[in-house]
Amino acid sequence: MDFDLTEEQRLLKDSIDGLLTDCYDFESRKTYMKEKGGWSKAVWGKLAEQGLLGLPFAEADGGFGGGGVETMIVMEALGKALVLEPYLATVVIGGGFLRHAGTDAQKAAHVPGIVDGSKTLAFAQLEKNSRYDLFDVATTAKKKGEAYVIDGEKFVVLNGENADTLIVTARTKGNRRDTTGIGVFLVPANAKGVTKKSYPTQDGLHAADITFTGVEVGADAVLGNPDDSLALIERVVDEARVALCAEAVGLMDESLKTTVEYIKTRKQFGVAIGSFQSLQHRASDMFVAAEQARSMSMFATMAADFENAKERSNAIAAAKVQIGKSLKFVGQQSIQLHGGIGMTMEAKIGHYFKRLTMIENTFGDTDYHQRRVADAGGLV
């Protein structure tokens, strides 16, 4: 199989690598973390100027018609630079719901704002005690004429503080853990009855706990089938998992590079510790783990286009398992080889490890996905 990038894809890679090299060094990132919402509006504008925010949308909707490989390239680059901006929440997840289920009117209302950088989105899905089960939804959306009234609580909503529009999962019928009766709704973040409690997460991003109290939205807020949207949610979340796999590969690449540079310069007993064979072996094992993760990230990128939902889900779960194992090994070894300095806020390697750890726990940790693969009888 040919894994080489096309000329256009290489240009895309060079473009985003160049942009982030210019404006996203570690010291700049610290500055961006202090801005409202925890990310830079100026950098977001630069991503928009280069067309990166419109990458996965169809040309008819104002985008550039990119596919999974293009998203993989972008997410790897964002991982290497430890980017804080809400690309995953807005473009991958929010854009995914619009691409797969949005009406022409909904796309016209939201996609142009995403593409030009004036609008961001957030996915309000996680609930108390729901763990990683996407069908575990207690938030309700009750019919009121042609409208819906939403009540409930959502937790750890990435970009929830700054988002202009919230994409909310809510139950229109049935019991909390039923796999049917779940809808997806576009809710203005400033709608009456929406209250937020925002906070920084361990990896430097920002999230919010959001309460919906009698929030009324019209029929035009519904994405897909209001009574049976679990398959839609699973598809978009699978695409998010694939994007996270790619981001993790970028993080592991940079963690390995940073660690190798450190052991080449850190001296002990009068010599660089990188000259010790045992540490060379560790670095080699880190390289192997990162390459295994890269292979599975590529596999997951291809699997995202599988028509069979079970095959797609199983393949992506398998990729998340390998990514989880690799990132844990690479992250822990990076900290170990840096010694005490790796545990400080001043050393960027600790920030890479924190982000890797958060990725491992987003949309299902390694144990969760390993059970999914086992229950499905392994790779199909």
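All values below were derived from every heavy atom in this structure, side-chain atoms included, with hydrogens, water molecules and symmetry-related copies excluded.
Looking at heavy atoms from C-beta onward, His338 lies out of side-chain contact with Phe353 at the 4.5 angstrom threshold. In this structure, Val43 and Leu19 have side chains that are not in contact, with every pair of non-hydrogen atoms separated by 4.5 Å or more. With contacts defined as side-chain heavy-atom distances shorter than 4.5 Å, the pair Asn175/Arg177 does not qualify. Ile323 has its side chain out of reach of Arg241: every pair of non-hydrogen atoms, C-beta onward, lies at least 4.5 Å apart. The closest side-chain heavy-atom distance from Leu186 to Ile167 is below 4.5 Å. Residues Arg372 and Val321 have side chains not in contact (no heavy-atom distance under 4.5 Å, counting atoms from C-beta outward). Considering only heavy atoms from C-beta on, Leu52 comes within 4.5 Å of Leu12 through its side chain. Side-chain atoms of Arg131 and Tyr368, non-hydrogen and from C-beta on, never get closer than 4.5 Å to each other.
Because its NZ or CZ atom is both nearer than 6.0 Å to the ring centre of Trp39 and within 45° of the ring axis, Lys41 counts as a cation-pi partner of that residue.
Counting only N and O atoms by type, the side chains of Ser40 and Lys46 include no donor and acceptor under 3.5 Å apart. Defined by atom type and a distance below 3.5 Å, a donor-acceptor pair is missing between the side-chain atoms of Gln370 and Thr366. In the model, Asp227 has a side-chain atom that pairs as donor or acceptor with a side-chain atom of Thr172 under 3.5 Å. Side-chain contact of Asp25 with Ser28: a donor-acceptor pair under 3.5 Å is present, judged by distance alone.
Leu158 and Leu126 fall into different hydrophobic clusters, defined by Ile, Leu, Val, Met, Phe, Trp and Tyr side-chain heavy atoms under 4.5 Å apart, directly or through other members. Both Phe97 and Met75 belong to a single network of hydrophobic side chains, linked directly or stepwise wherever heavy atoms of I, L, V, M, F, W or Y lie under 4.5 Å apart. Under the 4.5 Å side-chain heavy-atom criterion for ILVMFWY residues, no single connected hydrophobic cluster contains both Phe185 and Ile114. Note: the hydrophobic cluster containing Ile273 also contains Leu256 (ILVMFWY, side chain heavy atoms under 4.5 Å, direct or indirect links). Note: the hydrophobic cluster containing Tyr148 does not contain Val137 (ILVMFWY, side chain heavy atoms under 4.5 Å, direct or indirect links).
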When you look at Arg99 and Glu239, which way does the salt bridge (Lys or Arg N to Asp or Glu O under 4.0 Å) test go after all the steps?
CA-CA 12 Å; Arg99 287 187 296 107; Glu239 291 176 355; 3.2 Å; yes
Please step through salt bridge (Lys or Arg N to Asp or Glu O under 4.0 Å) for the pair Glu76 and Lys13, ending with a clear verdict.
CA-CA 9 Å; Glu76 276 192 32; Lys13 184 178 186 305; over 6 Å; no
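Without hydrogens or angle criteria, Glu261 side chain to Thr258 main chain gives no donor-acceptor distance under 3.5 Å. The backbone N or O of Gly63 lies less than 3.5 Å from no partner atom in the side chain of Asp61, so there is not a single donor-acceptor pair. Looking at Ser229, its side chain never comes within 3.5 Å of a backbone N or O of Gly183 through a donor-acceptor pair. Between the side chain of Tyr352 and the backbone N or O of Lys80 there is at least one donor-acceptor pair closer than 3.5 Å. Using a distance-only test at 3.5 Å, with no hydrogens or angles considered, no donor-acceptor pair links the side chain of Ser313 to the main chain of Ala309. Using a distance-only test at 3.5 Å, with no hydrogens or angles considered, a donor-acceptor pair links the side chain of Gln106 to the main chain of Asp220. Proximity of a side-chain donor or acceptor of Asp151 to a complementary backbone N or O of Gly214 within less than 3.5 Å is detected. The backbone N or O of Phe363 sits less than 3.5 Å from a side-chain atom of His369, completing a donor-acceptor pair. In terms of modelled atom types and a separation under 3.5 Å, the side chain of Asp164 and the main chain of Thr120 share a donor-acceptor contact.
No more than 12 heavy atoms of other residues, nucleotides or ligands sit less than 6.0 Å from atom CD of Gln336. Around atom NZ of Lys142, no more than 12 heavy atoms belonging to other residues, nucleotides or ligands sit under 6.0 Å away.
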Donor-acceptor pairs under 3.5 Å, side chain of residues 327-334 to any protein atom, not counting sequence neighbours: which ones?
unit_1	atom_1	unit_2	atom_2	d
Gln333	OE1	Arg282	NH1	3.2
Ser334	OG	Thr259	OG1	3.3
Ser334	OG	Val330	O	2.7

Determine all donor-acceptor pairs shorter than 3.5 Å in which one atom belongs to a side chain in residues 295-307; sequence neighbours excluded.
unit_1	atom_1	unit_2	atom_2	d
Ser295	OG	Glu291	O	3.2
Thr301	OG1	Ser297	O	2.9

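Under the 4.0 Å criterion applied to side-chain N and carboxylate O atoms, Asp178 and Lys173 are not assigned as salt-bridge partners. Ion pairing between Arg10 and Glu7 holds under the 4.0 Å rule for side-chain N and carboxylate O.
With Thr139 as the fixed residue, the side-chain contact (heavy atoms from CB on, under 4.5 Å) test singles out one of Gln125, Glu127, Arg171: Glu127. The salt bridge (charged side-chain N to carboxylate O under 4.0 Å, His left out) with Asp238 is formed by just one residue from the set Arg312, Lys310, Lys320; it is Arg312.
Between atom CG of residue Asn129 and atom CG of residue Asp136 there is a gap of 8.0 Å, rounded to the nearest 0.5 Å.
Within the structure, salt bridge (Lys or Arg N to Asp or Glu O under 4.0 Å) pairs that include any residue of residues 195-218 comprise Lys144-Glu216, Asp203-Arg355 (at least two apart or interchain).
Using the six-membered ring where Trp is involved, Phe269 and Phe276 have ring planes that are tilted, between 30° and 60° apart. Ring geometry for Trp44 against Tyr87 counts as perpendicular: the plane angle is over 60°, on a 0 to 90° scale with 30° as the lower cut.
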